[in-house]
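Written below as structure tokens is the structure these notes are about.
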Amino acid sequence: MSTAAAPTVSEPSVTVRLPALDALRAIGAVAVVGHHVGFQTAVTMNTTWGGWLARLDVGVAIFFVLSGFLLFRPWALSAATGRARPRAKRYLWRRALRILPAYWLAVAVCLIVLPQNGKASVGDWVRHLTFTQIYQPGQLRAGLSQTWSLATEVVFYLILPLVAVLALGRSWRPVRTVVIISGSALLTAGWLVLMGLGHLDAALHTMWFPSYAAWFGTGMALAAAHVALRTGTAPAAFRVLDDLASAPVTCWAAAVGLMAIATTPVAGPRDLAEPTAAEFGVKLALYLVVAALILIPVAFGGPSRAKDVFGSSQARWLGAVSYGLFLWHPMVIELIYLVDDRPLFTGGLLSTFALTMAFGLVYAAVSYYGVERPLHVLGSQGRRRSTGPGKASGAPAADVPAPAATSPTVAAGTPVTTVGG
């Protein structure tokens, strides 16, 4: 008897996008805004329930896991369906079009407009434009402190084609692929050990890629399992993911319960104090499971009411502009405090959050319609020209996600010493 699970979706539908996942970017982005506003207004540190705001940096885990899922999925699909693998050059070009122009614009505006950056050096410009601002302490400038996570994710973008080839091998064997990808957890564990032994700086090296390799790897493993289930090549054990997806409320209630644990000191301090390696590790683990529990009901299983809500036009629009919200909301917070002449750690939580969301979405919409969407169309047209009319591109259709970057930093140039947000 075969141990493979029968496909739960007809094969032709395997290669289509998963539109409900777009909304997860919006959830991550709004969580990050709440995290930063909570810190800026000091509610995070001065209220008994402020721990929930402090742990809204879980948004970065949602983005990183989602990024691993969406970006690895085309490689897994190609292996499972026998189609040509995505071309690394094409993939990197599309990533560059998606990320760089809007990011470079935000960097230029923040370094020029914000008074705190009036003495920005050539080195500041070079570091921020090249995503190298996280490799020395104290290099994140005002309005750009959130870009640490984008710099971290760029490392994942660059190594993904090589990791995909190594994980997939010459033939489609999903269990082997998941096992190989699970090695990412060993990388993160080893990094934590070095941190615990004092060989790494908890204020600096918590921003580097190895700290979050397990998050990206989890997304990749879920992508491999998803493809295997949809093509009928999965072992029966993978069916648990579809079973979990059939109970979304249970998954999300469990995620809330884990978040409650994360609000306690076991996951580290709420303020800018450095966590111990153990606290940082606990937070990484809790956030990983939370992000997976949020993603599984939206990605796996059959049609559901939850997927209809997440796939609505409003939710997908918020997901589409979430990259712009990530890029611009710290600058909006800085401007609110400058215009209102507010000292740091003052101001109302709800009013500041509302203003940040309102103006952040305005900036995000301008970024999306003025920069991001036109360049995405340009990239799509280039793909059609390269394949020619009536020809298949060889690579399976794949999701084209917004980047999974959000920020754990809150004060200009000072990253939160735990996981990002």
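Any value given below was found using the heavy atoms of this structure, including those in side chains, with hydrogens, waters and symmetry copies removed.
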Taking C-beta and beyond as the side chain, do [X] and [Y] meet within less than 4.5 Å on heavy atoms?
X: Leu53; Y: Leu349; answer: yes
X: Leu293; Y: Leu258; answer: yes
X: Ile336; Y: Gln40; answer: no
X: Leu241; Y: His226; answer: no
X: Thr132; Y: Gln139; answer: no
X: Met220; Y: Val163; answer: yes
X: Asp57; Y: Tyr287; answer: yes
X: Trp191; Y: Trp208; answer: yes

Taking NZ, NE, NH1 and NH2 as the nitrogens, is one of them in Asp308 or Arg305 under 4.0 Å from a carboxylate oxygen of the other?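 Result for this pair is no, no salt bridge flagged.
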For the [atom1] atom of [X] and the [atom2] atom of [Y], what is their distance to the nearest 0.5 Å?
X: Arg98; Y: Glu372; atom1: CZ; atom2: CD; answer: 4.5 Å
X: Leu150; Y: Phe326; atom1: CG; atom2: CZ; answer: 4.5 Å
X: Arg176; Y: Ile181; atom1: CZ; atom2: CD1; answer: 10.5 Å
X: Leu338; Y: Ile333; atom1: CG; atom2: CD1; answer: 12.0 Å
X: Thr152; Y: Met207; atom1: OG1; atom2: CE; answer: 7.5 Å
X: Phe39; Y: Leu344; atom1: CZ; atom2: CG; answer: 6.5 Å

Where do Tyr363 and Leu327 land on the side chain to side chain contact (heavy atoms under 4.5 Å, CB included) test, with the steps shown first? CA-CA 9 Å; Tyr363 279 99; Leu327 288 175; over 6 Å; no
[X] side chain to [Y] main-chain N or O, any donor-acceptor pair under 3.5 Å?
X: Trp215; Y: Leu284; result: yes
X: Tyr157; Y: Tyr91; result: no
X: Ser67; Y: Phe64; result: no
X: His128; Y: Leu144; result: no
X: Ser182; Y: Val178; result: yes
X: Thr177; Y: Arg173; result: yes
X: Thr276; Y: Glu279; result: yes
X: Trp125; Y: Val107; result: no
X: Asn117; Y: Cys110; result: yes
X: Ser246; Y: Gly301; result: no

Count the heavy atoms belonging to other residues, nucleotides or ligands that lie under 6.0 Å from OH of Tyr337, then report whether that count exceeds 12.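 Enclosed.
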Does a sphere of radius 6.0 Å around CZ in Arg342 hold more than 12 heavy atoms from other residues, nucleotides or ligands, not counting ones at 6.0 Å or beyond?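 More than 12 heavy atoms, drawn from other residues, nucleotides or ligands, come within 6.0 Å of this atom.
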Please say which of Leu244, Asp242, Leu18, Asp243 ends up in a side-chain contact (heavy atoms from CB on, under 4.5 Å) with Phe300.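 When Leu244, Asp242, Leu18, Asp243 are each tested with Phe300, the side-chain contact (heavy atoms from CB on, under 4.5 Å) holds only for Asp242.
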Look at the rings of [X] and [Y] and say which category their plane angle falls in: under 30° parallel, 30 to 60° tilted, over 60° perpendicular.
X: Phe209; Y: Phe156; value: parallel
X: Phe131; Y: Tyr103; value: parallel
X: His329; Y: His36; value: parallel

Carefully, step by step, assess Leu295 and Ile62 under the rule side chain to side chain contact (heavy atoms under 4.5 Å, CB included). CA-CA 8 Å; Leu295 183 146; Ile62 295 172; over 6 Å; no
Looking at [X] and [Y], what are the two nearest heavy atoms and their distance?
X: Leu56; Y: Ala31; answer: CB-O, 3.3 Å
X: Ser322; Y: Arg25; answer: OG-CB, 3.2 Å
X: Trp328; Y: Ser367; answer: NE1-CB, 3.8 Å
X: Ile261; Y: Val266; answer: O-CG1, 3.5 Å
X: Ala214; Y: Ala185; answer: CB-CA, 3.9 Å
X: Pro174; Y: Phe238; answer: CB-CE2, 4.2 Å

Would you sort out whether Met357 and Leu325 count as a side chain to side chain contact (heavy atoms under 4.5 Å, CB included), showing the intermediate values? CA-CA 8 Å; Met357 283 296 300; Leu325 185 60; 4.3 Å; yes
Taking the ring of Phe72 and the ring of Phe216, is the distance between their centroids below 6.0 Å? no
So, using side-chain hydrogen bond (donor to acceptor under 3.5 Å, both in side chains) as the criterion, who are the partners of Thr44 when residues are at least two apart?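 Scan of Thr44 (side-chain hydrogen bond (donor to acceptor under 3.5 Å, both in side chains), adjacent residues dropped) gives none.
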Under a plain distance cut-off of 3.5 Å, with no hydrogens placed, do Thr263 and Trp52 share a side-chain donor-acceptor pair?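 Note: Trp52 and Thr263 side chains miss the donor-acceptor criterion.
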May I have the step-by-step check of side chain to side chain contact (heavy atoms under 4.5 Å, CB included) for Val366 and Val371, ending in yes or no? CA-CA 8 Å; Val366 172; Val371 179; over 6 Å; no
